[in-house]
Amino acid sequence: MSKQGRVGSGICYGKKETKKESSDFGVKRLRQKVMTKPEKYMFPLAALALVVAVCVVPLTADISNVTSTRHIAHRMDEAILTVNNELDTELVVSWMSERCYQCLYQQLGVVPAGPIPGQPSSVDFVVGTQHEITLQLNSTTVNLELCTVPFHFGEHGNYSLWVKNLSDSSVVNCSVVTGGDPVNSYIPILVAFLIFAGLALASAIGTTILGLDVVRGFFFRISGSMETERLINSELGSPDRTVSLIADNILPPPSSPSKRLRSLDTFRGISLVIMVFVNYGGGRYWFFRHESWNGLTVADLVFPWFVFIMGTSIALSTHSMLRAGSTRCSLLRKVVWRSMQLFIIGVFIINPNYCHGPLSWDNLRIPGVLQRLAFSYLVVACLDLLVARGRLDILTTDAWWSPGLDILLYWPAWLCVLILEIIWLCLTFLLPVPDCPTGYLGPGGIGDMGLYANCTGGAASLIDRWLLGESHIYQTPSSRVIYATHMPYDPEGVLGSINSILMAFLGLQAGKIILHYRDLHTSIISRFLIWGLLLGAISAALTKCSTDHGFIPVNKNLWSLSYVTTLACFANVLLVLVYFTVDVKKWWSGAPFYYPGMNSILVYVGHEVFQEYFPFRWQMSNSQSHTEHLTQNLVATSCWVFIAYVLYRKKIFWKI
């Protein structure tokens, strides 16, 4: 099939005891472990999850083979459309995706006139099935639009489009007939959900059973007899050591450091696990890929959430170190050094080039995910060092303005962020861009009726090309998929970094709320919800509650202001849910997301470096199957969760 005859099929493949002297001590320790460390039982459950996932692979291969037997010529996210022309003139068939805003029709092909009256001519085309498309049929003789047909084709389906005259020769009838039923490509997602939901239910039931008094007593008796036998045959029962242990139990325990909130690591882990899954391909489903331009998909949620929780962690760690006696200058040196490390690691992992020979400095990509994290961390951490306080318990709470302490005490940092946002607005809407409208936020290409084909990203793209050079930014942006753009554009570019700073600063504000209202759960939750409501209202005003018609649309490629406020709204609501269930009610330990959240840098770098190696990727029997891609991506993601759990148990953490 020629390139002209394919619709919507553009896919870019790319790319962590003390021994006791008596059976009483052994029983006491076992009771503590059972009561306070439910993650002990995560190892067999995690191993079981991997075994189940790997065992599903042969099944998915069988399913894919059955499908390919029934629909031999089909590829993933494609269907066959046969256009039957009974008219006496040629037909030009064009198409446009319903997700493409104000776009030109793209030609699909030409269907010749019928050879004789009543006998149609037929031409087969391949059409995309990810979104609804509109077919346009024109007569080549007079360039007249005969009809338009909106239709959402099903994957691997066979369809016929009949174009004929009715009793009135001036009226053209166009109708779509389904010849071969499409497959339901979403069944693999349902099966995967049921498998993981079953594992989560089994884990919850197992933890509940192990918490019963009868079961605990049984384990205590077994442990007591085993501990007694071990002590009889050992040399650990010396009188001196026994006295020491007794004294240890009489003396008061040493003061413990401030309690670490599991909900923050759980939140970070949720973002990271979804990020790894979508980076590995997300089963090749369109909603697990980045939106082509305006709008949101699942893939567009996770990076801002990771930036948000990074800001929250900055507030807590800076306060903790200042309280421990660290100077601001020493903390500033650590911040700068860590930022440099993140930036350098980011440049290395996005420019591997091990498949294409030596890397050339001429096309080295400079922006990237870790690079943006490094820049956002540097700016927000410096702002926090400027205004952070080591002691919050000496602040008055009687003044009328005390409910706003978490904002008013840090007004210089807020002023700096507001100035940065004004700079973003001025550069975005006032900077002249050659041959493009001032303030243009569109994708270029075939968007906006093709009037601004070379204006992708407007001022953001211009600044990146001016500062970094066209060859040092991302060459295949997501806008190519639907808008057919050919200009390089980097979604992690310079101008968008200003709004990523805003996102991290909103996360910093969440950290300030936790610090000022520690252990006052109602105050923390209510403030998170108020912030979520406020940011949601700002998003509604900026977007007019629409995808494309607002003042500033939600756009991940631009990291637009409405994108930040929308995702920060979602982040506050999600943080409330996780905080309430993990740290307040303790209904959930945060597993399994807690473990990758504790080792986030290692998991992120590792999944990027080893993504092409087994068991994260293998040769599939049918690469045109969503089932096999989904299985492979879920197994790869589960492997990293398992690795993070093992590293957590071994107390191995990669800190920068």
Side-chain angles (χ1 to χ4, degrees), residues 16 18 248 251-268 307-343 373-399 401-402 404-417 501 504-521 523-524 527 575 579 583 594 597-602 648 651-656:
K16 180 155 329 221
T18 302
D248 289 343
L251 295 174
S255 59
S256 59
S258 58
K259 181 181 176 183
R260 185 182 181 104
L261 293 176
R262 292 181 70 96
S263 57
L264 302 186
D265 292 308
T266 302
F267 185 103
R268 186 185 299 109
V307 174
F308 179 91
I309 207 65
M310 179 185 70
T312 307
S313 300
I314 289 173
L316 301 181
S317 62
T318 301
H319 170 76
S320 176
M321 287 185 285
L322 288 176
R323 190 179 180 90
S326 299
T327 65
R328 296 179 191 269
C329 289
S330 64
L331 294 181
L332 179 60
R333 287 193 294 270
K334 291 180 180 179
V335 166
V336 173
W337 176 236
R338 190 182 190 200
S339 301
M340 290 176 59
Q341 287 179 290
L342 280 173
F343 192 93
L373 282 175
F375 184 70
S376 303
Y377 172 77
L378 176 64
V379 175
V380 174
C382 288
L383 288 175
D384 193 35
L385 284 174
L386 178 68
V387 297
R389 296 169 180 258
R391 297 294 299 271
L392 300 176
D393 49 359
I394 61 174
L395 299 174
T396 180
T397 57
D398 299 330
W401 46 265
S402 57
L405 273 175
D406 53 302
I407 298 177
L408 298 176
L409 286 176
Y410 312 107
W411 68 266
W414 276 100
L415 180 60
C416 292
V417 170
I501 291 171
F505 191 80
L506 292 173
L508 184 82
Q509 174 60 30
K512 297 299 184 184
I513 291 173
I514 293 173
L515 287 174
H516 281 272
Y517 305 98
R518 182 176 291 276
D519 298 328
L520 300 176
H521 303 310
S523 297
I524 292 175
R527 279 165 171 79
L575 187 56
Y579 177 75
D583 286 322
Y594 176 72
M598 289 285 289
N599 233 330
S600 56
I601 297 297
L602 186 145
Y648 172 82
K651 301 188 184 303
I652 300 174
F653 304 99
W654 185 19
K655 302 292 184 182
I656 296 179

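Both backbone and side-chain heavy atoms feed into the values below; hydrogens, waters and symmetry mates do not.
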key: Close side-chain approach of T266 and L261, heavy atoms under 4.5 Å   = no

task = Starting at NZ of K655, measure out to CE of M598 and round the result to the nearest 0.5 Å.
result = 5.5 Å

query = Below 4.5 Å, heavy atoms only, C-beta onward: do I601 and L342 meet side chain to side chain?
reply = yes

key: Contacts of S330 that satisfy side-chain contact (heavy atoms from CB on, under 4.5 Å) - sequence neighbours left out   = S326, T327, R333

inquiry  = Could you go through L409 and K512, starting from their C-alpha distance and side-chain angles, then the distance that decides it, and tell me whether this counts as side-chain contact (heavy atoms from CB on, under 4.5 Å)?
reply    = CA-CA 10 Å; L409 286 176; K512 297 299 184 184; over 6 Å; no

query = Can you name the residues that form a side chain to side chain donor-acceptor pair (under 3.5 Å) with T318, not counting sequence neighbours?
reply = D384

Could you pull out all donor-acceptor pairs under 3.5 Å where a side-chain atom in residues 308-316 meets a protein atom, sequence neighbours excluded?
{"from": "T312", "atom 1": "OG1", "to": "F308", "atom 2": "O", "distance (Å)": "3.3"}
{"from": "T312", "atom 1": "OG1", "to": "G507", "atom 2": "O", "distance (Å)": "2.8"}
{"from": "S313", "atom 1": "OG", "to": "R268", "atom 2": "NH2", "distance (Å)": "2.6"}
{"from": "S313", "atom 1": "OG", "to": "I309", "atom 2": "O", "distance (Å)": "3.0"}

request  = State the CE-CG distance between M321 and L385, to the nearest 0.5 angstrom.
outcome  = 8.0 Å

inquiry  = Holding to side chain to side chain donor-acceptor pair (under 3.5 Å), I want the full list of residues that pass it with Y594, two or more places apart in sequence or in another chain.
reply    = none

ask   = Does W414 have any side chain to side chain donor-acceptor pair (under 3.5 Å) partners at least two apart in sequence or in another chain, and if so, which?
value = none

query = Between atom CG of L378 and atom CZ of R338, what is the distance when rounded to the nearest 0.5 Å?
reply = 12.0 Å

query = What distance do L520 atom CG and R518 atom CZ have between them, rounded to the nearest 0.5 Å?
reply = 10.5 Å

ask   = In chain order, what residues pass the side-chain contact (heavy atoms from CB on, under 4.5 Å) check against F343, with sequence neighbours excluded?
value = V347, I366, Q371, A374

message = Within the 4.5 Å heavy-atom criterion, are D406 and Q509 side-chain neighbours or not?
response = yes

message = If I take atom OG from residue S263 and atom CD1 from residue I514, how far apart are they, to the nearest 0.5 angstrom?
response = 6.0 Å

ask   = Do F375 and I501 have side-chain heavy atoms sitting under 4.5 Å apart?
value = yes

query = How far does CG of L515 sit from NE2 of H319, to the nearest 0.5 angstrom?
reply = 5.0 Å

query = Does a side-chain heavy-atom distance below 4.5 Å link L383 with V379?
reply = yes

